There are 2 protein chains.
Amino acid sequence: MRDRAATSRRILEAARELFAEHGYEQVTMRMIAAAAEANVSLINRYFGTKAGLFAQVVATGSTLEAVIEGDPEGLPARLAARMALRLHTGTVEQLTRTIDRAGTSPEIRAVLRARVEDAMIGAIAARLSGPRPRERAALAVTFILGVSSLRRLLGPEPLRDSDPAAVEARLIAVFTACLRP
Amino acid sequence: MRDRAATSRRILEAARELFAEHGYEQVTMRMIAAAAEANVSLINRYFGTKAGLFAQVVATGSTLEAVIEGDPEGLPARLAARMALRLHTGTVEQLTRTIDRAGTSPEIRAVLRARVEDAMIGAIAARLSGPRPRERAALAVTFILGVSSLRRLLGPEPLRDSDPAAVEARLIAVFTACLRP
DNA sequence: TTGACATGTAAACAAGCGTCTACTAATCCT
DNA sequence: AGGATTAGTAGACGCTTGTTTACATGTCAA
């Protein structure tokens with residue numbers, strides 16, 4: 001046929017970018033359709049509803065796993081290095097930004113919650129030894145989410161023209177304080 | 001007359017609570033009017049537009065100033081104590097929550113940015129000595145905003161039934177890592 | 001007391017939203 | 001080759017949104 005798979009993928013990718021950029025509520029079905037060069041009705045046909053599409057976007061987005069895996073001792077340093085790079089380049093992890101900008105729509109809270117709980121807090125906590133690993137992981141995730149919030153509010157400028165090495169050293173201290181037993 | 005001042009104040013307070021609870025976009029003019037027991041048209045008459053009302057809410061909301069003032073050495077401890085209390089009671093500062101849940105509406109970004117820049121980052125940075133005070137203050141604000149994000153996504157449960165003293169000690173270490181010269 | 005002004009009200013407005021229905025057209029299977 | 005199935009399209013539907021307009025009512029000054 002005329003390639004349902006390709007169209008479906010174009011819709012998903014267009015939605016992924018738009019949700020990350022403007023947030024769930026600001027993005028309309030027609031915006032997604034236009035960006036994907038597809039018809040609006042196809043979005044509903046393939047993903048059911050707008051919330052369903054968003055759930056798919058969140059569920060299939062890559063998470064921190066590439067950074068998390070490795071020796072647990074080096075975890076704060078790896079998180080700090082990644083964040084320092086992001087701060088310096090002015091970008092934010094796409095999925096983190098999507099989560100931050102999603103707002104408070106009741107229909108999408110469940111999937112957001114599950115994703116943060118499993119793929120962020122749970123993934124970090126699994127690497128930690130010592131008491132209350134989820135509690136410590138949650139603090140690290142707090143900081144990661146905070147960066148998205150700050151950038152949403154202030155744009156990419158703050159912390160950008162800082163000395164990357166100094167920022168990274170500070171971030172290592174922050175993540176260590178969050179995660180150490 | 002029929003007390004314009006009182007009606008105006010009821011509208012402002014109703015809007016303040018609703019915006020903090022549900023976020024800017026989820027709150028409708030009719031919700032505010034109902035909560036304030038006022039007519040919808042009066043909101044527009046007194047505040048111009050929905051964005052204008054939101055600007056008024058954000059501009060008049062109390063900030064961290066009570067916590068920030070005092071000796072700079074004790075600032076991390078005071079911030080940590082306040083946050084530990086908030087985490088334990090499951091609440092979040094109203095204005096911080098309003099900012100977090102405001103979403104990405106272009107019409108309100110300017111006022112949000114100004115408020116975070118001046119009343120949070122600027123206020124903390126003014127108390128700091130050493131190099132790049134704004135940069136260090138921004139990291140602390142990152143963490144503060146992150147707590148609002150985490151609670152928006154996960155609700156009040158996480159970090160709630162932890163040992164408050166242990167959490168507070170950890171938070172002191174985090175804020176110290178953010179703010180120390 | 002009465003006219004003028006401020007306050008409050010109700011209804012409608014136009015626009016935008018997500019979704020659905022009816023239809024066309026392309027591709028596959030036998 | 002031709003019916004069946006599926007991808008894609010166009011347009012309307014019902015609803016909600018923020019805002020505005022026209023009107024009623026209460027209050028104060030003269």
Side-chain angles (χ1 to χ4, degrees), chain A residues 1-19 21-58 98 101-112, chain B residues 1-19 21-58 98 101-112:
Chain A
M1 293 278 165
R2 281 167 287 175
D3 218 347
R4 166 178 182 143
T7 304
S8 188
R9 187 164 2 98
R10 284 208 316 280
I11 292 172
L12 194 66
E13 286 312 307
R16 195 186 303 281
E17 286 191 19
L18 287 168
F19 283 144
E21 184 66 25
H22 303 106
Y24 177 74
E25 355 229 20
Q26 300 289 318
V27 174
T28 69
M29 303 286 274
R30 288 164 178 86
M31 285 171 62
I32 299 171
E37 296 185 273
N39 193 283
V40 198
S41 308
L42 290 182
I43 306 180
N44 284 301
R45 205 204 300 276
Y46 295 156
F47 298 94
T49 173
K50 186 187 179 185
L53 173 60
F54 183 82
Q56 198 76 15
V57 164
V58 171
T98 304
R101 304 193 176 190
T104 52
S105 296
E107 51 200 5
I108 61 175
R109 287 193 64 163
V111 60
L112 284 175
Chain B
M1 294 275 166
R2 279 167 289 174
D3 219 345
R4 167 181 182 140
T7 306
S8 188
R9 187 166 1 99
R10 283 207 319 278
I11 292 172
L12 194 67
E13 286 313 305
R16 196 187 303 282
E17 285 191 21
L18 287 169
F19 283 145
E21 184 65 25
H22 303 105
Y24 177 74
E25 356 229 21
Q26 299 290 320
V27 174
T28 69
M29 303 286 275
R30 288 165 178 85
M31 285 170 62
I32 299 171
E37 296 186 273
N39 192 281
V40 199
S41 308
L42 290 182
I43 307 180
N44 284 300
R45 194 188 327 257
Y46 295 155
F47 298 94
T49 173
K50 185 187 180 187
L53 173 59
F54 183 82
Q56 199 76 14
V57 164
V58 171
T98 303
R101 305 194 174 187
T104 53
S105 296
E107 50 200 7
I108 61 174
R109 287 192 64 162
V111 60
L112 284 175

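Quick caveat, the model's predicted, so the values are computed rather than measured. Chain identifiers are assigned alphabetically (A, B, ...) following the order of the sequence lines, protein sequences preceding nucleic acid strands; residue numbering begins at 1 within each chain.
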A:F19 backbone acceptor or donor facing A:R101 side chain under 3.5 Å: no
B:R16/B:E13 salt bridge by N-O under 4.0 Å criterion: yes
Considering residues, nucleotides and ligands other than B:E17, do more than 12 of their heavy atoms fall under 6.0 Å from its CD? no
Rounded to whole Å, the CD-C1' distance (A:E107 to C:dC17) equals 12 Å
A:D3 CG to C:dA26 C1': how many Å, rounded? 13 Å
Can you find an N or O donor on one side and an acceptor on the other, under 3.5 Å apart, linking the side chain of A:R45 with the base of D:dG8? yes
Side chains of B:Y24 and B:E107: donor-acceptor distance under 3.5 Å anywhere? yes
Got a sec? Which of residues 34-42 of chain A come in under 4.0 Å of DNA chain C, heavy atoms? A:V40, A:S41
Report yes or no: does B:T49 contribute a side-chain atom to a donor-acceptor pair with the main-chain N or O of B:G52 at less than 3.5 Å? no
Has A:R2 got a side-chain N or O lying under 4.0 Å from the OP1 or OP2 atom of C:dA26? no
Would you say the base of D:dG18 and the side-chain of B:R30 have a donor-acceptor pair closer than 3.5 Å? yes
Counting any heavy atom closer than 4.0 Å, what does A:Y46 reach on the DNA or RNA strands: base, sugar-phosphate only, or nothing? sugar-phosphate
Below 4.0 angstrom from OP1 or OP2 of C:dT7, is there any side-chain N or O of B:R4? yes
Give the nucleotide from the list D:dG8, C:dC17, D:dT19 with an atom nearest to the side chain of A:T7. D:dG8
Could you state the atom-to-atom distance from CE of A:M29 to C1' of C:dG16 in whole Å? 14 Å
